[in-house]
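Below: the structure, in structure tokens.
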Number of protein chains: 2
Amino acid sequence: MEFLPLLRELASSYQAFEKFSAPHVKSMNLTSPQFDVIASLANQPAMTCKELGEKTLITKGTLTGIIDRLVIKEIVERISNADDGRSQKIQLTAKGQEIFAHAFPRHMQHLALAFNQLSAAEMLNLSSALKKLRVAMEQHTAL
Amino acid sequence: MEFLPLLRELASSYQAFEKFSAPHVKSMNLTSPQFDVIASLANQPAMTCKELGEKTLITKGTLTGIIDRLVIKEIVERISNADDGRSQKIQLTAKGQEIFAHAFPRHMQHLALAFNQLSAAEMLNLSSALKKLRVAMEQHTAL
DNA sequence: CTATATTAGTTCTAGTTAGAACTAAATAGG
DNA sequence: CCTATTTAGTTCTAACTAGAACTAATATAG
């Protein structure tokens with residue numbers, strides 16, 4: 001159980017990220033998953049729910065509700081897919097593009113306040129250490 | 001925006017942890033927050049909701065519901081606090097202690113499958129890199 | 001002492017979450 | 001062709017989530 005301190009640091013670091021990031025997103029009238037969806041759709045051709053779920057790491061049942069709410073807000077739209085009657089493509093509306101252009105740079109600036117306190121070498125070190133742990137976990141995760 | 005790869009790795013690593021850990025907890029008929037609460041209460045004197053929230057990083061409004069469900073399952077109990085009429089103390093029931101004794105070592109064993117693929121030095125390196133990022137984020141988080 | 005402020009916990013709201021069951025459409029095998 | 005399987009997305013359920021408003025009790029200030 002030598003790994004418990006690491007486990008706790010992983011949980012508290014992620015929690016700290018949420019507390020640092022989410023309120024800033026909220027101040028722009030978006031939730032964190034809504035922001036992720038908008039950022040994934042921006043400057044990209046329209047994409048299916050499946051692709052969007054892979055990019056944002058949001059499972060499909062959850063994604064339906066998030067997109068529903070973004071449609072109500074007129075930030076994204078569903079367009080039917082001529083190639084495949086089962087799927088649709090999702091894209092930003094003009095309003096969604098404006099919101100992205102406003103919110104994205106502001107949020108990046110906010111995140112930079114914390115992340116840029118690490119040097120490039122520290123970022124690389126942290127990324128690769130996380131990746132090693134992630135791969136170890138994925139090996140023991142049912143697909 | 002040199003920090004974006006690190007941001008993505010942080011999100012995907014945490015996600016991988018959830019996918020690795022939560023189904024195993026679920027297989028023992030507990031949710032992840034329920035497991036955390038039980039583990040925090042075990043081998044400890046009864047504690048208030050406030051203390052429990054600090055240990056588990058669960059906010060108080062959320063904690064009420066989690067404890068409600070653990071009370072229904074007869075895993076924990078609320079006992080009134082003679083010292084302070086506002087607060088209560090929470091403790092494991094005998095059944096809760098049995099569940100802890102069964103579930104905790106099994107889950108540690110499961111987690112060890114992944115975490116023990118890192119050497120002690122790698123764990124320390126990852127912990128301290130995460131801590132540096134966490135502290136940087138906490139500096140820019142409203143209390 | 002007494003008015004004020006703080007604290008502990010619950011309740012409420014809106015949204016996310018995963019996973020399972022379901023529907024409809026496309027693909028593959030025979 | 002045509003059946004069997006797979007795939008895309010929705011719906012449903014149970015639970016978690018944060019934060020804000022609320023209640024009751026304690027602590028503080030004057």
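No experiment lies behind these values; they were computed from the predicted model shown.
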Spacing of Asp84(B) atom CG relative to dA27(D) atom P, expressed in whole Å: 6 Å
Thr62(B) vs dA18(D): side-chain N/O to OP1/OP2 distance below 4.0 Å: yes
Spatial distance of atom CD1 (Ile72(A)) from atom CD1 (Ile67(A)) [nearest 0.5 Å]: 12.5 Å
Phosphate OP1/OP2 of dA18(D) contacted by Gln15(A) side-chain N/O (<4.0 Å): yes
Minimum-distance nucleotide (side-chain atoms of Thr64(B) versus dA25(D), dA26(C), dT11(C)): dT11(C)
Sugar-phosphate only, base, or nothing, as touched by Gly61(B) at under 4.0 Å among non-hydrogen atoms: base
Integer-rounded Å distance: dT23(D) C1' and Arg86(B) CZ: 12 Å
Side-chain heavy atoms of Ile79(B) within contact of Gln91(B), under 4.5 Å: yes
Residue of the set Leu92(A), Thr93(A), Asp68(A) for which side-chain contact (heavy atoms from CB on, under 4.5 Å) holds with Val76(A): Leu92(A)
Touch class at under 4.0 angstrom, heavy-atom based, for Lys60(B) against every strand present: base
Length of the NZ-P vector between Lys50(B) and dT7(C), whole Å: 8 Å
Sugar-phosphate, base or nothing in reach of Thr31(A), heavy atoms under 4.0 Å: sugar-phosphate
Residues Lys55(B) and Glu51(B) bridged, charged N to O under 4.0 Å: no
Pro23(B) vs Ser32(A), nearer the 5' end of DNA chain C by closest nucleotide: Ser32(A)
Residue mapping more 5' on DNA chain D - nearest nucleotide basis, Ile58(B) or Gly85(B): Ile58(B)
Comparing Gly65(A) and Lys26(A) on DNA chain D - which has the more 5′ nearest nucleotide: Gly65(A)
Within 6.0 Å of NZ in Lys73(B), more than 12 heavy atoms from elsewhere: yes
Sugar-phosphate only, base, or nothing, as touched by Glu18(A) at under 4.0 Å among non-hydrogen atoms: nothing
Distance, rounded to the nearest Å, where Leu70(B) contributes CG and dA15(D) contributes P: 11 Å
Quiz item: Thr48(A) side-chain donor-acceptor pair to dA8(D) base, under 3.5 Å: no
Asp68(B) CG to dT17(D) P, straight-line distance once rounded to whole Å: 14 Å
Sugar-phosphate only, base, or nothing, as touched by Ser87(B) at under 4.0 Å among non-hydrogen atoms: sugar-phosphate
Closest listed nucleotide, where the reference is the side chain of Arg69(A) and the choices are dA25(D), dG9(D), dT16(C): dT16(C)
d(CD, Gln34(A); C1', dT17(C)) in whole Å: 14 Å
Gln139(A), CD atom: more than 12 neighbouring heavy atoms under 6.0 Å: yes
Sugar-phosphate only, base, or nothing, as touched by Ile66(B) at under 4.0 Å among non-hydrogen atoms: sugar-phosphate
Whole angstrom value for the distance that separates C1' of dA18(D) from NE2 of His24(A): 18 Å
Distance in angstrom units between Leu63(A) CG and dT16(C) C1', rounded: 12 Å
Sugar-phosphate only, base, or nothing, as touched by Glu51(A) at under 4.0 Å among non-hydrogen atoms: nothing
